[in-house]
Amino acid sequence: MKIKFKFLFLAFSTIVFFSSCGSDCELTTLEEVIVGEWKLSLGDNNGEIEFLKGGALSDPDDVLLGGEIGGVKLDQKTYTIINENTFSVRAEGGSNFLETEFDVESFDCDKITLNIIGLNFDMKRK
């Protein structure tokens with residue numbers, strides 16, 4: 001009986017070990033994958049950003065988009081998924097705003113590659 005129990009315990013442990021290895025990511029759409037915290041380097045502009053569920057964007061370092069218009073800081077930021085290859089970002093302050101679209105070259109659970117004017121930049125999950 002002890003041998004059977006040890007064998008069953010060993011078999012169960014092996015199954016649990018192999019099933020826990022590898023990526024647990026089952027996100028399949030850009031809308032699902034983009035939610036979370038990311039590190040991004042766009043040339044000299046480096047920082048961390050967070051895409052929140054529902055469209056809010058935290059980009060305190062203005063890595064994707066930001067600035068001022070007429071002395072008004074554009075610090076209210078949102079994003080919209082347009083399709084599986086494009087999303088837009090809007091930064092606004094008062095009645096002023098900037099908006100731009102980003103082309104997505106590829107994405108998986110831990111990396112989104114953006115194509116910006118012909119150059120690829122990677123957003124890596126934090």
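All values below come from the heavy atoms of this structure, side chains included, with hydrogens, waters and symmetry mates left out. Remember, predicted model here, so these are calculated numbers, not experimental data. Note that the numbering runs from 1 along the sequence shown for the chain.
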Review point. Among pairs that include at least one residue of residues 78-97, which meet salt bridge (charged side-chain N to carboxylate O under 4.0 Å, His left out), considering only residues two or more places apart or in two chains?
Key: Arg90-Glu92, Arg90-Glu99
Working to the nearest 0.5 angstrom, can you tell me the gap between [X] [atom1] and [Y] [atom2]?
X: Glu68; Y: Asn96; atom1: CD; atom2: CG; value: 10.5 Å
X: Phe102; Y: Leu114; atom1: CZ; atom2: CG; value: 7.0 Å
X: Asp103; Y: Ile117; atom1: CG; atom2: CD1; value: 11.5 Å

Measuring only between side-chain heavy atoms, which start at C-beta, is [X] closer than 4.5 Å to [Y]?
X: Leu74; Y: Ile69; result: yes
X: Ile34; Y: Phe87; result: yes
X: Thr100; Y: Ser88; result: no
X: Val89; Y: Leu57; result: yes
X: Asp59; Y: Leu64; result: yes

Can any side-chain N or O of [X] pair as donor or acceptor with the backbone N or O of [Y] at less than 3.5 Å?
X: Asp61; Y: Val63; result: no
X: Asp75; Y: Gly93; result: no
X: Tyr79; Y: Gly54; result: no

When you group the ILVMFWY residues by side-chain heavy-atom contacts below 4.5 Å and let the links chain together, are [Y] and [X] in the same group?
X: Ile116; Y: Ile49; value: yes
X: Phe97; Y: Leu65; value: no
X: Leu42; Y: Ile112; value: yes

Exercise for review: Given side chain to side chain contact (heavy atoms under 4.5 Å, CB included), test Asn83 with Glu31 step by step and report yes or no.
Suggested key: CA-CA 9 Å; Asn83 58 46; Glu31 187 172 11; over 6 Å; no
Exercise for review: Begin from the C-alpha positions of Leu40 and Asn46 and carry the test side chain to side chain contact (heavy atoms under 4.5 Å, CB included) through to its verdict.
Suggested key: CA-CA 6 Å; Leu40 177 62; Asn46 302 310; over 6 Å; no
Review point. Between Lys73 and Asp62, does a side chain to side chain contact (heavy atoms under 4.5 Å, CB included) hold up when you go through it step by step?
Key: CA-CA 11 Å; Lys73 184 155 177 60; Asp62 295 340; 3.5 Å; yes
Point to revise | Residue pair Thr28, Glu32: steps toward the side chain to side chain contact (heavy atoms under 4.5 Å, CB included) verdict | key: CA-CA 7 Å; Thr28 58; Glu32 293 173 322; 3.3 Å; yes
Show me the donor-acceptor pairs, under 3.5 Å and distance only, between side chains in residues 119-126 and residues at least two apart or in other chains.
{"from": "Asn120", "atom 1": "OD1", "to": "Asn115", "atom 2": "ND2", "distance (Å)": "3.4"}
{"from": "Asp122", "atom 1": "OD1", "to": "Thr113", "atom 2": "OG1", "distance (Å)": "2.7"}
{"from": "Arg125", "atom 1": "NE", "to": "Cys109", "atom 2": "O", "distance (Å)": "2.6"}
{"from": "Arg125", "atom 1": "NH1", "to": "Val35", "atom 2": "O", "distance (Å)": "3.1"}
{"from": "Arg125", "atom 1": "NH2", "to": "Val33", "atom 2": "O", "distance (Å)": "2.6"}
{"from": "Arg125", "atom 1": "NH2", "to": "Cys109", "atom 2": "O", "distance (Å)": "3.0"}
{"from": "Lys126", "atom 1": "NZ", "to": "Glu37", "atom 2": "OE1", "distance (Å)": "3.4"}
{"from": "Lys126", "atom 1": "NZ", "to": "Glu48", "atom 2": "OE1", "distance (Å)": "2.9"}

